[in-house]
Enquirer: 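Encoded as structure tokens, here's the structure I'll be asking about.
Sequence lines set the chain letters: A, B, ... in the order given, protein chains first and strands last, and positions in each chain run from 1. Since the model is a prediction, treat every value here as computed from it, not as a measurement.
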2 protein chains.
Amino acid sequence: MFQLRQSDSRNRLLGALAPEDFARLAPALERLPLHLHETLIHAHEPLSHAYFVETGLVSLVAATEGGRIEIGLIGCEGLAGVPLVLGTDRGPFLGIVQGGGEALRVPAGALREAIDASPALRNVLSRYVLSLMIQMGCTVYANAELNVEARLARWILMTHDRLNDGAMPLTHEFMAMMLGVRRTGVTAALYVLTGAGMVRASEGRITVLNRDKLKDLAGDTYGPAEAEYERLLAEA
Amino acid sequence: MFQLRQSDSRNRLLGALAPEDFARLAPALERLPLHLHETLIHAHEPLSHAYFVETGLVSLVAATEGGRIEIGLIGCEGLAGVPLVLGTDRGPFLGIVQGGGEALRVPAGALREAIDASPALRNVLSRYVLSLMIQMGCTVYANAELNVEARLARWILMTHDRLNDGAMPLTHEFMAMMLGVRRTGVTAALYVLTGAGMVRASEGRITVLNRDKLKDLAGDTYGPAEAEYERLLAEA
DNA sequence: TGATAAGGGTACGATTTCGGACACAGCGAT
DNA sequence: ATCGCTGTGTCCGAAATCGTACCCTTATCA
């Protein structure tokens, strides 16, 4: 069994850590695959691990009898298991794998010890939490004020950031659930985005063609969370 | 100049602190009035203080050219200035006083030192941040799935928790802005809530008559954040 | 006392989104 | 070849919400 090196990780948070902080976590990190539609984080159950996402996508989801809505999106820039950073071991939301990939997981106890031991590590993770809060705040705004097209544009941008992949495997059905709209609403909105040259859509795949136009459509709901995240990395 | 005692504060977070943690903050705490419509926290500007709310209401607001939407509500249970808890001095949202009252403010530097010095204090404030995140997550859900009536019911419940006052001074215009709907939409929704015996509304005042019915209407969007908060206090 | 502003009630057509149904194409399995 | 599933496109009436305008009441204050 060998020690994971910092350069072996594609997670941007782990990459931003001071070498000594990475070394603190490294012995406890374990690489594991993220399977599509796997529920990584269960509501109201103790979290055994936090997950530094390497590749793929994890959705933070609020679930009720009435339906499921995505409230947060986590990719290689982030960490699933925020309650562990904030001093408790459970939360009311789900973490569901929406795009297959890999993660490095760390046991709850080891993460807690490392956070308590290192102010710098605490700072990086806390500020990631802040960027996630900002993302959620922008989603609140988007859900209240934006039409389906603009919300979809924002969501595609956010997903694109996290997959930086040409053709993203996204079905209308899936996007409809994430945004809390009808599937046919997504079909219609996507038709508009396609016609405007923003994306290309075919057989369960979305290809981003023009990020600037998508940003124009999403307005101020895309940007603040990303800016805060970059500021975090720049200062870390 | 005398030292503030823990029993002098009506803020529930301050009340939940261990005496030594309160003592750590007390010398830096300064009582000040919250004036209606005052902007306590400005977007993208360094926060000089964090505010433990004693009485009154502070709204966390996302503002764009397109409008303003409330993304979080803070009262005597909480703290305005969350970025300071998370290791930075600014954020993209506004904090606006929506109900006059008082707060105990603490300078950013003093708060940071106290947090770094005390894991227990850190824990209380971090978990408050989590409850605020949960509140925001529920708001995302509510804005995506609930109609105006249910959203209004939820918002009245949350406000009532924080003012525990019979007659809350809330205009239709104001509630409309907070929820991101038309004023007449609030008028109509309020008419329904009144007809169902949930509230009484008159001349800029809302009186809660039946919390259970309001909870039924709000569904699962009211409760999770409050439960997490109570769990925090119980364990602190 | 009268003017003015703020809060609230009502109405109307326009627009968005909903909820559901149906059709069709591609694809894998039997 | 055929069945059945998934993903997609299209259509319809119904409902919610929007945007706007107008009017009334009440409170405040000169």
Enquirer: Quick one: is D/dC18 close enough that its OP1 or OP2 comes under 4.0 Å of any side-chain N or O from B/Arg182?
Expert: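 Indeed, a polar side-chain atom of B/Arg182 lies that close.
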Enquirer: Tabulate atom names and distances for all N/O pairs under 3.5 angstrom spanning the protein and nucleotides 4-10 of chain C.
Expert:
residue: C/dG8; atom: OP1; partner: B/Gly204; partner atom: N; Å: 2.7
residue: C/dG8; atom: OP2; partner: B/His172; partner atom: N; Å: 2.7
residue: C/dG8; atom: N7; partner: B/Arg183; partner atom: NH1; Å: 3.4
residue: C/dG9; atom: N7; partner: B/Arg183; partner atom: NH1; Å: 3.3
residue: C/dG9; atom: O6; partner: B/Arg183; partner atom: NH2; Å: 2.8

Enquirer: Rounded to whole Å, how long is the line connecting atom CE of A/Met177 with atom P of D/dT8?
Expert: 14 Å
Enquirer: I need the full list of side-chain hydrogen bond (donor to acceptor under 3.5 Å, both in side chains) pairs touching residues 90-102 of chain A, with sequence neighbours left out, sorted by first then second residue.
Expert: A/Arg31-A/Glu102
Enquirer: Sequence neighbours left out, what passes salt bridge (charged side-chain N to carboxylate O under 4.0 Å, His left out) with A/Asp8? Give chain and number order.
Expert: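 A/Asp8 satisfies salt bridge (charged side-chain N to carboxylate O under 4.0 Å, His left out) with A/Arg5 once adjacent residues are dropped.
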Enquirer: Restricting to salt bridge (charged side-chain N to carboxylate O under 4.0 Å, His left out), what partner residues turn up for B/Glu173, sequence neighbours left out?
Expert: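 B/Glu173: no salt bridge (charged side-chain N to carboxylate O under 4.0 Å, His left out) contacts found.
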Enquirer: Return the residues of residues 143-156 of chain A meeting this criterion: a heavy atom under 4.0 Å from some atom of DNA chain C. Order them by number, or give none.
Expert: A/Asn147, A/Val148
Enquirer: By salt bridge (charged side-chain N to carboxylate O under 4.0 Å, His left out), which residues pair with A/Glu30, not counting sequence neighbours?
Expert: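 Partners of A/Glu30 by the salt bridge (charged side-chain N to carboxylate O under 4.0 Å, His left out) criterion, ordered by chain and then number, come out as A/Arg105.
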Enquirer: According to the ring-ring contact (aromatic ring centres under 6.0 Å, His included) rule, which pairs have a member within residues 141-183 of chain B, sequence neighbours left out?
Expert: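 Every pair satisfying ring-ring contact (aromatic ring centres under 6.0 Å, His included) with a residue in residues 141-183 of chain B: B/Trp155-B/Phe174.
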Enquirer: My understanding is that only residues two or more places apart in sequence, or in another chain, count here; which of them pass salt bridge (charged side-chain N to carboxylate O under 4.0 Å, His left out) with B/Arg12?
Expert: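 Result, salt bridge (charged side-chain N to carboxylate O under 4.0 Å, His left out) vs B/Arg12: B/Glu230.
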Enquirer: Just how far is it from atom SG of A/Cys138 to atom CE of A/Met133, taken to the nearest 0.5 Å?
Expert: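 If we round to the nearest 0.5 Å, A/Cys138:SG and A/Met133:CE are 12.0 Å apart.
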Enquirer: Applying ring-ring contact (aromatic ring centres under 6.0 Å, His included), which residue pairs with at least one partner in residues 43-86 of chain B are found, sequence neighbours left out?
Expert: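 Found none.
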